[in-house]
Amino acid sequence: MNTTASEVLQFVKENDIKFIRLSFCDILGQKKNIAIMADELEQAFKNGVSFDAHAIRGFMDVTRSDLFLFPDPGTLAVLPWRPGSGRVARFFCDIKYPDGSPFLHDGRALLKQAALRAAKLGYVCKIGTECEFYLFKTDENGNPTSIPLDNGGYLDIAPLDRGEDIRREICLTLEEMGIKPETSHHEQGPGQNEIDFKFGDALNSADNLQTFKYVVKAIAARGGLFASFMPKPIIGAPGSGMHINLSLSEGGKNIFKNLGEGHSKTAESFIAGILSKIPELTVFLNPLANSYERFGEFEAPKYVSWSHGNRSQLIRIPAAAGPKVRMELRSPDPALNPYISFALLIEAGLDGVECEVPLPPAVDADLYTAGEMVTGALTALPDSLEKAVSLAENSAFAGKLLGGEILEKYLAIKKAEAAAFSAAKDKPEFYRERYFREI
């Protein structure tokens, strides 16, 4: 949305907005915010709002702890569930050092750089997400329980599906905020739901995903429920994935093509670039010890491979036509930092395009039942957080894109997490205590 600061200030004045939330996320993607009164917004646009960056994971040390939030006027959204009088609006923010230069560890800035690189090559990368989540009942004190809302399955309807009213309210709330869901339905797991979005440019898609998770949790809580984006909240049930759909537009036209149309070599190289880098990027796409419980079952991938339509693959090309033809990356989960993850995927794809990396042959087999003759020739995704950290540590690509300092900080957090998980005697309890409420 191309909105100026002056237009935003006028809107705030005319619409009885009294409180402003300035949103950003830490290095792991956890949402943070500072609230200011509406009459402070003009100064926030000009001078920013300071915060203690030492208290945010992966940001600054205590000797250089001042950073500033500058609201992006194009991200204005009124929070529909807050009171009608004295309304609340939210902005996503750019993070800057005291001298006004961009903060090097700001995921939004990294994603902007990736989108700019694509633009210089003549492309716009379009991204759409398919995000799954579970709804759980709460106890008499409002604390989340481990009891799912229902026992429905894939595409079930009421009375088996008891989440349809919550999904409806989520979709209508998102629409009020300018975000258009495409589809919503009950997923395979008990109490599991999915809402999918129309594709858009990378930065808006990342912002929208953060908004979506916030809205889901807020609407669920208002209905006396708890929403969890934990990748595998119920052992033995389907995990929650977050499929990422990517395509490239050139001159306003999608260059991805499907069967019968003949693949674009550029699109093939974009896919090949991502395939070649996925093992070393998995720690960003699947950042929790719990993430690795998903792989290899319930349509979650296990190997680095691709095919058309095949849901056992890491990357599939869904049946679609025209602007909707894209690649669907099936390994990521909702715990990721979308800004860093999208940036890394775009950069990996663009490396593939610039180096004209050939796309390996499609693997047209069910990889859940295929024998060693098929799977033995494939690279496996890391099956633990510890292995994923090790691959990223040795990644020249991740180091180049993120810079040594941010990579070191991120991996230090993940190393400590992997060590704590390894030492835990009760793994399910570790998951519940460490992730259930936070993710």
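Residue numbers count from 1 along this sequence.
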Distance alone, cut at 3.5 Å: any donor-acceptor contact between the side chains of [X] and [Y]?
X    : Y    : result
N310 : R316 : no
R294 : S331 : no
D201 : N204 : yes
H186 : D150 : yes
S240 : E132 : no
Q313 : S305 : yes
S50  : D66  : no

Can you tell me how the ring of [X] sits relative to the ring of [Y], calling it parallel under 30°, perpendicular over 60° and tilted otherwise?
X    : Y    : value
F133 : F229 : tilted
F70  : F68  : tilted
F136 : Y134 : parallel

Can you tell me if [atom1] on [X] sees more than 12 non-hydrogen neighbours from other groups inside 6.0 Å?
X    : atom1 : answer
E354 : CD    : yes
I157 : CD1   : no
M37  : CE    : yes
Y368 : OH    : yes
K112 : NZ    : yes

Checklist entry - Who are the salt bridge (Lys or Arg N to Asp or Glu O under 4.0 Å) partners of R168, not counting sequence neighbours? => result none

Rounded to the nearest 0.5 Å, what separates atom [atom1] in [X] from atom [atom2] in [Y]?
X    : Y    : atom1 : atom2 : result
T129 : K198 : OG1   : NZ    : 13.5 Å
D161 : Y154 : CG    : OH    : 13.0 Å
S23  : K32  : OG    : NZ    : 12.0 Å
K217 : F226 : NZ    : CZ    : 4.0 Å
L285 : I244 : CG    : CD1   : 6.0 Å
F436 : M230 : CZ    : CE    : 7.5 Å

Please tabulate, one pair per line, all N/O donor-acceptor pairs under 3.5 Å involving side-chain atoms of residues 398-409, not counting sequence neighbours.
from : atom 1 : to   : atom 2 : distance (Å)
E405 : OE2    : K409 : NZ     : 3.3
K409 : NZ     : F59  : O      : 2.4

Quick one: does [X]'s side chain have a donor or acceptor within less than 3.5 Å of a partner on [Y]'s backbone?
X    : Y    : result
K120 : A115 : no
W306 : L359 : no
Q192 : G239 : yes
N337 : I27  : yes
D106 : I95  : yes
T75  : F92  : yes
S269 : T266 : no
N290 : K232 : yes
S384 : Y292 : no

Does this structure show an ion pair linking [X] with [Y], if we count only N-O contacts that are shorter than 4.0 Å?
X    : Y    : answer
E299 : R330 : yes
E182 : K324 : yes
D383 : K302 : no

Item to check | K180 charged N/C atom sitting above F197 aromatic ring, 6.0 Å / 45° | outcome: no

List the atom of [X], the atom of [Y], and the distance in Å for their closest heavy-atom pair.
X    : Y    : answer
I278 : T282 : O-OG1, 2.8 Å
E417 : A289 : OE2-N, 3.7 Å
D333 : S291 : OD2-OG, 2.8 Å
L174 : P181 : CD1-CG, 4.1 Å
S184 : I195 : CB-CG1, 3.8 Å

Item to check | Step-by-step salt bridge (Lys or Arg N to Asp or Glu O under 4.0 Å) determination, D156 to R162 | outcome: CA-CA 9 Å; D156 273 344; R162 297 180 61 189; over 6 Å; no

Item to check | Derivation of the salt bridge (Lys or Arg N to Asp or Glu O under 4.0 Å) call for D207 and R108 | outcome: CA-CA 9 Å; D207 285 344; R108 277 187 110 239; 2.7 Å; yes

Next on the checklist: If you apply the rule side chain to side chain donor-acceptor pair (under 3.5 Å), what do you find for N47 with Q43, and how did you get there?
Outcome noted: CA-CA 6 Å; N47 301 315; Q43 283 301 312; 2.6 Å; yes

Item to check | Beyond-backbone contact of S247 with V325, side-chain heavy atoms, under 4.5 angstrom | outcome: no

Item to check | Aromatic ring proximity Y410/F284, centre distance under 6.0 Å | outcome: yes

